[in-house]
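Everything on this sheet refers to the single structure shown next.
Quick caveat, the model's predicted, so the values are computed rather than measured. First the proteins, then the strands, lettered A, B, ... as listed; each starts at 1.
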Protein chains: 2
Amino acid sequence: MDPHLLTTFVTVARHGSFSAAAAELGYTQSAISQQVAALEADLGLALLRRRPVEPTPAGRRLLEHAEPLLLRLRAARADVLRTAAEPRHLLRLAATPLAVNPVVAARLAEARARQPRLEIRLRMCRAERLAALVAEGRADLGLADGIAAPSDPLRLPDAGPMTTTGVTEEDLVVALPAGHPLAGRASLRLADLIDARWLRTPLCPPARLRDLVGEGFPAGLEYEGDDVRTALNLAAAGHGLTLLPASAVPAGGGGGGGVCAVPVAAPRLVHRVELLHAALPPGAAADLVAALSG
Amino acid sequence: MDPHLLTTFVTVARHGSFSAAAAELGYTQSAISQQVAALEADLGLALLRRRPVEPTPAGRRLLEHAEPLLLRLRAARADVLRTAAEPRHLLRLAATPLAVNPVVAARLAEARARQPRLEIRLRMCRAERLAALVAEGRADLGLADGIAAPSDPLRLPDAGPMTTTGVTEEDLVVALPAGHPLAGRASLRLADLIDARWLRTPLCPPARLRDLVGEGFPAGLEYEGDDVRTALNLAAAGHGLTLLPASAVPAGGGGGGGVCAVPVAAPRLVHRVELLHAALPPGAAADLVAALSG
DNA sequence: ACTTACGATAAGCAACGCTGATGGACCCGC
DNA sequence: GCGGGTCCATCAGCGTTGCTTATCGTAAGT
């Protein structure tokens with residue numbers, strides 16, 4: 001169970017090809033073959049069926065373990081190295097698209113006002129990658145957004161010992177086209193929308209949506225981008241509904257396109273932003289954490 | 001960050017000696033020295049201060065990561081091997097001392113009545129080791145007990161993907177000596193007992209106790225064993241109080257010794273038993289899980 | 001100051017793990 | 001049906017790694 005062999009194995013499984021994995025990892029095909037054989041010999045069972053190359057049941061099981069395991073390994077390495085790193089004046093921030101709401105942006109500004117030398121690089125990524133980025137030290141601080149019950153923590157992938165702090169919670173609204181039968185309502189229940197068509201977009205992860213409104217919502221339009229205005233335009237045009245934090249939808253029904261934001265009354269849900277970071281190394285980061293935590 | 005080197009490192013740190021670690025691992029002292037040097041070279045920083053041998057700050061950080069990392073590695077290995085293992089008629093059960101309460105014992109009996117060929121080996125261990133035992137496949141099922149808020153899960157060490165199910169919840173009582181001023185009460189609040197002397201015993205883990213009644217409880221008697229009657233006898237003799245599930249204290253004030261069980265009214269706490277298991281391999285285990293889950 | 005204990009270092013050697021070449025199985029087009 | 005191409009397995013060759021044995025340097029105890 002050498003991590004080296006494990007990496008090779010997941011790469012082979014991902015590509016479905018020994019040769020392709022060899023090319024990616026910079027080995028010869030022969031080496032890859034031997035490494036996989038070594039791993040199989042070590043465990044005493046076949047992990048891959050050949051031609052076509054696909055994991056056996058045992059292999060599939062191992063794949064489930066391997067990815068988080070390798071992540072934790074990289075995270076541990078990064079964490080140890082962090083203890084020896086000198087303080088940086090550059091803070092690398094990673095955030096999911098909806099995490100930088102007005103409150104967060106304002107608090108960031110306050111922190112920068114207090115520390116003029118502080119430089120910030122903000123990078124966007126999906127929620128699944130965020131924890132990994134922070135754990136591996138490729139970002140110093142992470143801002144994740146998601147939908148949860150009030151004062152419940154978000155369910156982020158576990159990538160080792162990390163601190164998470166709630167930053168903001170705000171109302172969750174459904175973005176409806178102006179002409180929608182429910183558009184005028186003061187609030188609505190998700191249960192009223194079981195049959196509705198939903199936008200599939202990373203702004204509101206389909207997996208979470210499925211948890212909330214049930215399995216069989218009809219396939220609508222899929223938007224793979226991050227832009228809220230695009231999503232709102234799509235919603236306004238009737239391509240599907242979407243859940244957003246109240247602050248993301250312009251007030252007053254929105255000028256041209258016309259979407260209407262109706263708060264979700266039941267189940268009781270909020271849009272939550274959380275700050276996550278590993279052991280705080282430098283002084284500047286600690287101050288920023290304090291500022292963001294409010 | 002080879003796990004091999006990691007193992008060596010934690011062994012050296014545990015023994016505080018290269019030679020002792022070499023003896024335990026079956027290497028020469030020279031090999032150990034080279035392995036530690038290799039790990040330090042890989043990370044580019046010193047992990048151990050020599051003579052006396054003790055971890056540097058970075059080394060301490062790595063130690064925190066290494067143990068759970070190695071555990072997960074063993075767990076992954078065990079889990080993969082389990083997929084290929086043939087069903088056993090012997091089920092290895094691991095439990096913390098207070099986990100096998102009357103309800104659990106009864107449900108175990110029901111399951112055995114349904115499956116006469118089922119053989120069970122029950123082994124006791126501390127809560128900290130339980131998750132590791134199950135994850136590594138050295139036990140098929142684990143029964144953990146602990147104190148939690150009603151319907152809150154226990155906080156068990158994370159050892160990879162495992163299923164945990166609540167089994168029972170029952171009232172939590174304080175075992176008081178019969179002559180104690182609060183002994184007659186129908187219920188009490190933990191806050192009333194901040195100044196009390198508590199037994200330190202694995203039956204009620206001191207760490208948890210500290211969370212509940214605060215830091216500075218005076219050092220009383222420490223009982224390292226598992227036996228409830230011994231603990232009750234100690235409590236009756238005034239060596240200190242202890243928290244137990246109601247079913248562990250004989251009703252009616254207890255004949256000879258005389259302990260009095262007073263339920264804890266605030267904070268709202270229960271004694272909870274949880275069942276934990278990895279991917280369910282054989283048919284017999286699945287049935288037992290169903291039986292225990294009630 | 002001598003002794004002892006312990007970790008670091010050097011030299012030697014076996015084993016591991018890579019490359020490059022070759023072989024066998026399967027797929028595809030003709 | 002046949003030949004070429006693709007892909008993985010296997011083999012031989014070889015450099016590197018990582019162990020052992022032996023020796024040295026050094027700190028602590030007497």
Rounded distance (Å) that lies between atom P of C:dA8 and atom CD of B:Gln35: 13 Å
Any A:Ser33 side-chain nitrogen or oxygen under 4.0 Å from OP1 or OP2 of D:dA9: yes
Ionic contact status for B:Glu128 with B:Arg126, cut-off 4.0 Å: no
Check: A:Arg82 and B:Arg61 side chains under 4.5 Å, non-hydrogen atoms: no
Whole-Å distance separating the CG atom of A:Asp42 from the C1' atom of C:dG17: 15 Å
Rounded distance in Å - CZ (A:Arg49) to P (C:dC26): 15 Å
A:Leu47 CG to D:dC8 P, straight-line distance once rounded to whole Å: 16 Å
Phosphate-side-chain proximity, B:Thr28 and D:dT20, N/O vs OP1/OP2 below 4.0 Å: yes
Please write out the pairs of protein N or O atoms and N or O atoms of nucleotides 12-16 of chain D separated by less than 3.5 Å, giving the distance to one decimal.
none

For DNA chain D, the residues among residues 4-27 of chain A that have a non-hydrogen atom under 4.0 Å from it: A:Ser17, A:Phe18, A:Ser19
N-O pairing of B:Glu136 and B:Arg77 below 4.0 Å: no
Distance, rounded to the nearest Å, where B:Leu39 contributes CG and D:dG18 contributes P: 12 Å
Touch class at under 4.0 angstrom, heavy-atom based, for A:Gln29 against every strand present: base
Centroid-centroid under 6.0 Å between A:His15 and A:Phe9 rings: no
Exercise: do A:Asp140 and A:His277 side chains pair donor with acceptor under 3.5 Å: no
Worked verdict on B:Arg50 versus B:Glu40 for salt bridge (charged side-chain N to carboxylate O under 4.0 Å, His left out): CA-CA 13 Å; B:Arg50 269 69 162 189; B:Glu40 291 184 321; 3.1 Å; yes
Whole-Å gap separating C1' (D:dT17) and CG (A:Asp2): 13 Å
Heavy-atom side-chain proximity of A:Leu6 to A:Leu69 below 4.5 angstrom: yes
B:Ser19 side chain to B:Gln29 side chain, donor-acceptor N/O pair below 3.5 angstrom: no
Salt bridge B:Arg200-B:Glu224, side-chain N to carboxylate O under 4.0 Å: no
A:Arg50 vs D:dA9: side-chain N/O to OP1/OP2 distance below 4.0 Å: yes
